[in-house]
There are 2 protein chains.
Amino acid sequence: MSKPVRLIDVAQATNTSIKTVSRVLNGHPRVSDETRTRVQEKMTELGYQVDVVARSLRTGVDNVIGLVVPKIGDPFFAELVEEVEEEANRRGIGVIVGSTHWELDREVDLVQGFKQRRVAGMIITPQDADYSFVKDSSMPIVFVDRAPRNVKGEVIRVDDKKGAELATNHLIKHGHTKIAFIGDKLRIKTSKLRFDGFKSAMAAAKIAINDDYIINNAENAELAEPVFEELMKLDNPPTAIFCAKSEISIGIVRAMHRINRTDIAFFSFDDFTMADSLQPAVTILDHSPRVLGRAAIKRLLERMDGGAPRVGETNIPLKIIERGSGEIKAPSGKARK
Amino acid sequence: MSKPVRLIDVAQATNTSIKTVSRVLNGHPRVSDETRTRVQEKMTELGYQVDVVARSLRTGVDNVIGLVVPKIGDPFFAELVEEVEEEANRRGIGVIVGSTHWELDREVDLVQGFKQRRVAGMIITPQDADYSFVKDSSMPIVFVDRAPRNVKGEVIRVDDKKGAELATNHLIKHGHTKIAFIGDKLRIKTSKLRFDGFKSAMAAAKIAINDDYIINNAENAELAEPVFEELMKLDNPPTAIFCAKSEISIGIVRAMHRINRTDIAFFSFDDFTMADSLQPAVTILDHSPRVLGRAAIKRLLERMDGGAPRVGETNIPLKIIERGSGEIKAPSGKARK
DNA sequence: TACCTATATGACAACGATTACCTCCCTATG
DNA sequence: CATAGGGAGGTAATCGTTGTCATATAGGTA
């Protein structure tokens, strides 16, 4: 009900000018200690609070960062968001989030909206949008998880290709040659890179790839679930499966358990809840979204503080976490193809 | 690089006044069709975009809503956030999120910060903070999942007590009398209500509660995990467990699998990823965060459009999803206590 | 013709903070 | 003693938009 206190109210109450109060507020040195304390006391007494909107208008930047992810509800991105928010919050910076749902239009709209809002910076998980328009803007932006198209920007990501090679080699080391790859559409960069890693590891081991084992259109758990059964129905089914995305893994695992085929070796690129409690527990690559998120917000804050952009890719290291499902040996007696 | 286009730029380009352009922008009727189209064309030609900050300053509200949850990374809240963002986005409204990490101070800070930012509305999962300060504010607020302390507000939640009764009765119906209750601290309202439901169902069935079976300080998966083993070490261990929170369930399930005691009946109030793929799959109550989120944002938008607050609680209905773990019968031959 | 009304438009203030620029006044130095 | 220098503080413009009020023009009525 009570009107908010403004600078001018504090000024009048202390017999000073609006500018002096503003100086105190911003820690400007040209204020005598006496006035400073007097003003400060009055400010707390009256319960003064800066009007961030007015300040934003004047200074040209809103003390908020924009965060664009494909899907907030996805545990991977949820943790990333949490990490970013946590650190931003510590600095009194708000976080506006946006889900693209993997749709190009929404991605563009969100970024445009943020620009319009004069956010102080952005962290973006880019899909296919054309980011060339950010070139002629001084807005600090950090890309996460994949590089943007058409722009050289600062990117923080995991080495998807190398990770996929690690995983594939792990399965090969356990005697598998009939390895299935299940991933999302190849137009999604991450998916493509992981597929590339898979192929390169197979090639390096001189194992021919069976096209029947390659699935590149399992977008989510529901679509992935039937895939497993189809693979098992093949005349010559695979003995190991490499899943390139957590949601796909969830669907596959569900299917494996439903039809009782947990004897198949299974490697998931991403971790997911309960992956360690299943029987067998699921072997994964350790690339926590939290690490990505923390690195991204850290760099963004540095940039916002005036740091120079560090154009190029920063790779977060990857490590295999063996839990059982990935260490299932290939059935012996089967000849190498 | 190029300066943003302002109203005055459009005005000059069309030989009109800033006010006329503003009128066109806001669809004010008192503008001739001729001028209107002329201005509109010029606006798109110059690529005019409203400065939302300036507008916020003038109108007093920022076209953004504040969303406060305990933990964004928690899958439950992540889905809630996603649902809210989705609907808000459809209306061109941004969502600023904040995680309290179950800490009182942060909760208060976040809400204060949002108020300061003049957000158009808030959706809050309240913990113990004193919300009486929002009384004398006209800001639309919708509380989710639990009611705020010290204020009568609009609350959207599930009937925790009734849900716990349903769950407890379910276990009782399967022959259990030695039922353990594992929950979070009782000062968290939801926890208390669920515990109340448990007690009332036990009382209604005339089953005495064994204090050794009651754990009210398992805050997260890590703390919960050892609890299960301790329960099993009792001289007279429980035959069924009711978990009042998803993260606790995750810890307990992990322990059950680790020491191979999946013969114990298990009921989780909340759902969690993979709960349906474990063996046995975990019986839960169906109360999707998405339903909560959708209802909350829907109401908030109505309020923002001028709708009257609907003070009181709106309950989302609950339903048991039987998956196996909750239907394990009590070992026969054991005498009722 | 004088008067009134409705419509289209413009001039100007206001929102609350920041900031460029100006004015005191006190001290120090030649 | 005059003046330069610097600290402390004030005045007013500004950010881009919206709201209030005034104005001009056209058409209708007495």
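Atom set for the values below is all heavy atoms of this structure, side chains included, hydrogens, waters and symmetry mates excluded. Convention: sequence-line order gives letters A, B, ...; per-chain numbering from 1. All values reported here derive from a predicted model rather than from experimental measurement.
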*Starting from P on dA8(D), measure out to CG on Asp33(A) and report it in whole angstrom.*
8 Å

*asked:* Distance criterion of 3.5 Å, no angle test: do you see the side chain of Arg23(A) paired donor-to-acceptor with the base of dG10(D)?
replied: yes

_Over all strands shown, is Ser56(B) touching base, sugar-phosphate only, or nothing at heavy-atom distances under 4.0 angstrom?_
nothing

*May I ask you to verify if any side-chain N or O of Thr20(A) is less than 4.0 angstrom from the OP1 or OP2 atom of dA8(D)?*
no

*Provide the closest heavy-atom pair for Ser99(B) versus Ile72(B) in the form atom of the first, atom of the second, distance.*
OG-N, 2.9 Å

*In whole angstrom, what separates Asp62(A)'s CG from dT18(C)'s P?*
13 Å

*asked:* Taking Glu83(B) first and then Arg294(B), would you say they form a salt bridge - that is, a charged N and a carboxylate O separated by under 4.0 Å?
replied: yes

_Please report the distance, rounded to the nearest Å, between CD in Glu34(A) and C1' in dG9(D)._
13 Å

_Across nucleotides 11-18 of chain D, 5' to 3', mark each nucleotide with B, S or - according to how protein heavy atoms within less than 4.0 Å reach it._
B-BBBBBB

*Are Arg118(B) and Asp51(A) close enough for a salt bridge, meaning some N to O gap below 4.0 Å?*
yes

_So Thr35(B), base contact, sugar-phosphate only, or nothing? Heavy-atom distance under 4.0 Å._
sugar-phosphate

*Starting from C1' on dC21(D), measure out to CZ on Arg30(B) and report it in whole angstrom.*
15 Å

*Do Glu34(A) and Arg38(A) sit within salt-bridge range, that is, some charged N less than 4.0 Å from a carboxylate O?*
yes

*Where do Arg303(B) and Met139(B) come nearest, in terms of heavy atoms and distance?*
NH2-O, 4.2 Å

_Interatomic distance where CG belongs to Asp9(A) and P belongs to dG16(C) [whole Å]_ = 9 Å

*asked:* Please enumerate all residues that pass side chain to side chain contact (heavy atoms under 4.5 Å, CB included) together with Glu107(A), with sequence neighbours excluded.
replied: Thr100(A), Pro126(A), Gln127(A), Ala129(A), Tyr131(A)

